[in-house]
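Bear in mind that the values here come from a model prediction, so they are computed numbers and not experimental data.
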Amino acid sequence: MTTYTITLQNCAFFARHGVHDEEEFLGQRFFVDAELDVVAGEALESDSINDTVNYGIAFTVIEEIVTGKRRYLIEALALDIAKGLCQTFPQVRRAKITVRKPNAPVPGVLDFVQVSVEHFA
């Protein structure tokens, strides 16, 4: 069996996730990386978008989940994205999702907080 990996990196969305009320009120940008392991099936031979993961649709799935209902934890958000991508694309065998939150409410300076979740279909 042949597999390949598709990566969507640094997808940016404005959303209102977090445990603090001000995070819901103010909102902030979130960044998502999606690494999808795909069973090749016919895609590599057919050279057809219909046999693989359509990047545009994958981006839209991520966007709908990130900008949808509020989650308190970015861990939960990452898992929902992974499950959503696996449901949309049955040829995806593993989805590794990383969510970065640059404006996490911490008592100091940092670039971002990041969580990665792996989901196996």
Sub-4.5 Å side-chain heavy-atom contact between [X] and [Y]:
X: R71; Y: D80; answer: yes
X: L8; Y: I6; answer: yes
X: K96; Y: V117; answer: no
X: I62; Y: F13; answer: yes

Sequence neighbours excluded - ring pair (Phe, Tyr, Trp, His ring centres under 6.0 Å) pairs with any residue from residues 72-121: none
Can you name the residues that form a side chain to side chain contact (heavy atoms under 4.5 Å, CB included) with Q87, not counting sequence neighbours?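 For Q87 there are no side chain to side chain contact (heavy atoms under 4.5 Å, CB included) partners, ignoring immediate neighbours.
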By side chain to side chain contact (heavy atoms under 4.5 Å, CB included), which residues pair with V61, not counting sequence neighbours?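 Side chain to side chain contact (heavy atoms under 4.5 Å, CB included) check on V61 returns I57, I65, L85, T88.
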Within a 6.0 Å radius of atom CZ on F14, are there more than 12 heavy atoms belonging to other residues, nucleotides or ligands? yes
Evaluate whether atom CD of E45 has more than 12 neighbouring non-hydrogen atoms of other residues, nucleotides or ligands under 6.0 angstrom away.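 12 or below, so no.
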Could you pull out the closest heavy-atom pair between P105 and H20, with the gap in Å?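 Smallest heavy-atom distance, with atoms named: CG-CD2, 3.4 Å.
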Counting N and O atoms only, with roles assigned by atom type, does the side chain of R93 sit under 3.5 Å from a partner on the main chain of P90, one being a donor and the other an acceptor? yes
Say whether, by atom type as modelled, one donor and one acceptor occur between the side chain of T7 and the main chain of Q9 under 3.5 angstrom.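 No.
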Any residue meeting salt bridge (Lys or Arg N to Asp or Glu O under 4.0 Å) with E63, in chain and number order, not counting sequence neighbours: none
Listed partners of K101 passing salt bridge (Lys or Arg N to Asp or Glu O under 4.0 Å), at least two apart: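 For K101 the salt bridge (Lys or Arg N to Asp or Glu O under 4.0 Å) partners, ignoring immediate neighbours, are E23.
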Answer with yes or no whether the hydrophobic clustering places [X] together with [Y]; edges join I, L, V, M, F, W, Y residues whose side-chain heavy atoms lie under 4.5 Å apart.
X: L26; Y: I74; value: no
X: F25; Y: V66; value: no
X: F59; Y: I49; value: no

Using 0.5 Å steps for rounding, measure from the [atom1] atom of [X] to the [atom2] atom of [Y].
X: L44; Y: T52; atom1: CG; atom2: OG1; answer: 7.5 Å
X: R70; Y: H17; atom1: CZ; atom2: NE2; answer: 9.5 Å
X: I81; Y: C11; atom1: CD1; atom2: SG; answer: 9.0 Å

For residues 29-42, which side-chain donor-acceptor pairs fall under 3.5 Å, sequence neighbours excluded?
residue	atom	partner	partner atom	Å
D33	OD1	N10	N	2.6
D33	OD1	R100	NH2	3.1
D33	OD2	R100	NH1	2.8
E35	OE2	R94	NH2	2.4
D37	OD1	T5	OG1	2.8
D37	OD1	R94	NH2	3.4
D37	OD2	R94	NE	2.6
D37	OD2	R94	NH2	3.3

